[in-house]
Amino acid sequence: MMVINYSILARSEEQVQGINVSLSTEFEEGGLPASVTFNASTNIVVNGQDVYMSMGGDYNLEFGLFSGLSNSSFPASFIVELENKIKEFFDSVKASRES
């Protein structure tokens with residue numbers, strides 16, 4: 001007999017320090033996500049020069065750890081605000097599953 005598992009995909013486009021960030025997570029029906037995947041990219045001016053910034057990876061919700069992090073030239077303060085935005089996203093997903 002074939003067993004079919006249904007998954008839920010949640011996505012959101014948010015802003016962190018004025019930079020567009022894509023957040024997504026996938027989890028099984030009846031459960032909650034274990035991690036959130038994120039991607040961000042933008043051009044900013046640094047010391048009068050246009051600099052391309054790009055970041056992506058996963059955030060483990062249980063342990064509060066980033067993994068698979070790839071980035072270029074993002075300020076350290078961005079990570080703190082990104083983590084807060086990821087937690088807000090998870091709280092929204094969790095609330096929608098409980099209602």
Side-chain angles (χ1 to χ4, degrees):
M1 177 167 78
M2 184 182 300
V3 176
I4 300 174
N5 295 314
Y6 292 93
S7 294
I8 296 169
L9 177 63
R11 292 183 183 176
S12 183
E13 297 292 324
E14 301 293 333
Q15 283 207 336
V16 176
Q17 295 183 357
I19 299 168
N20 293 333
V21 178
S22 298
L23 303 173
S24 64
T25 188
E26 186 173 345
F27 53 99
E28 289 187 13
E29 182 74 40
L32 288 173
S35 67
V36 172
T37 300
F38 59 90
N39 289 291
S41 61
T42 191
N43 286 310
I44 67 165
V45 177
V46 176
N47 296 328
Q49 293 189 6
D50 204 28
V51 176
Y52 177 73
M53 298 176 150
S54 176
M55 178 183 286
D58 294 301
Y59 181 81
N60 182 298
L61 294 158
E62 181 181 356
F63 298 110
L65 298 172
F66 287 96
S67 63
L69 191 62
S70 64
N71 69 339
S72 62
S73 305
F74 272 85
S77 62
F78 182 84
I79 297 290
V80 173
E81 290 185 41
L82 174 62
E83 183 176 33
N84 290 336
K85 191 61 73 173
I86 288 170
K87 289 176 180 178
E88 288 175 23
F89 174 65
F90 171 73
D91 289 343
S92 294
V93 170
K94 183 178 176 183
S96 72
R97 303 305 307 151
E98 292 174 344
S99 59

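One-based numbering along the sequence shown.
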(message) Can you confirm whether Glu98 is buried at CD, in the sense that more than 12 heavy atoms of other residues, nucleotides or ligands lie under 6.0 Å from that atom?
(response) yes

(message) Do Leu23 and Arg11 make a side-chain contact, defined as non-hydrogen atoms from C-beta onward lying under 4.5 Å apart?
(response) no

(request) Report yes if some heavy atom in the side chain of Met55 is under 4.5 Å from a heavy atom in the side chain of Asn39; otherwise report no. (result) no

(request) Please tell me if the side chains of Phe38 and Val16 come closer than 4.5 Å, counting only heavy atoms from C-beta onward. (result) no

(request) Locate the shortest heavy-atom distance separating Ala40 from Val21; write the atom from each residue and the value. (result) CB-CG2, 3.9 Å

(request) Over all heavy atoms of both residues, which pair between Ser96 and Val93 is shortest? Give the atoms and the distance, please. (result) OG-O, 2.7 Å

(request) Examine distances only and state if a side-chain atom of Thr25 and a backbone atom of Ala10 form a donor-acceptor pair shorter than 3.5 Å. (result) no

(request) Name all pairs fulfilling the salt bridge (charged side-chain N to carboxylate O under 4.0 Å, His left out) condition that reach into residues 55-75, sequence neighbours left out, sorted by first residue then second. (result) none

(message) Restricting to salt bridge (charged side-chain N to carboxylate O under 4.0 Å, His left out), what partner residues turn up for Glu88, sequence neighbours left out?
(response) Lys85

(message) Quick check: do Leu61 and Pro33 have side-chain heavy atoms less than 4.5 Å from each other?
(response) yes

(message) Would you compute the distance between atom CE of Met53 and atom CD of Gln17 and round it to the nearest 0.5 angstrom?
(response) 9.0 Å

(request) Among residues two or more places apart or on two chains, list those pairs meeting ring-ring contact (aromatic ring centres under 6.0 Å, His included) that have a residue in residues 6-33. (result) none

(message) Within this structure, what is the CD1-OG distance for the pair Ile86 and Ser35, rounded to the nearest 0.5 Å?
(response) 10.0 Å

(message) How long is the straight-line distance from CG of Leu82 back to CD of Glu14, given to the nearest 0.5 Å?
(response) 11.0 Å

(message) With rounding to the nearest 0.5 angstrom, report the CD to OG distance, Glu26 to Ser24.
(response) 8.5 Å

(request) Give the cluster check for Val36 versus Leu69: same hydrophobic cluster or not, with ILVMFWY residues linked at side-chain heavy-atom distances below 4.5 Å. (result) yes

(request) Applying side chain to side chain contact (heavy atoms under 4.5 Å, CB included), name anything that partners Asn43, two or more places apart in sequence or on another chain. (result) Asp50, Tyr52

(message) To the closest 0.5 Å, what do you measure between CD (Glu28) and CD1 (Ile8)?
(response) 9.5 Å

(request) Could you name each residue pair satisfying ring-ring contact (aromatic ring centres under 6.0 Å, His included) that touches residues 77-99, not counting sequence neighbours? (result) Phe74-Phe78

(message) I'd like to know if Arg97 and Glu29 make a salt bridge, using a cut-off of under 4.0 Å between side-chain N and carboxylate O.
(response) yes

(request) Verify the distance criterion only: is there a donor paired with an acceptor across the side chains of Asn20 and Glu13 at less than 3.5 Å? (result) no

(message) Tell me every residue that passes side chain to side chain contact (heavy atoms under 4.5 Å, CB included) with Glu83, counting only those two or more places apart in sequence or in another chain.
(response) Tyr59, Phe66, Lys87

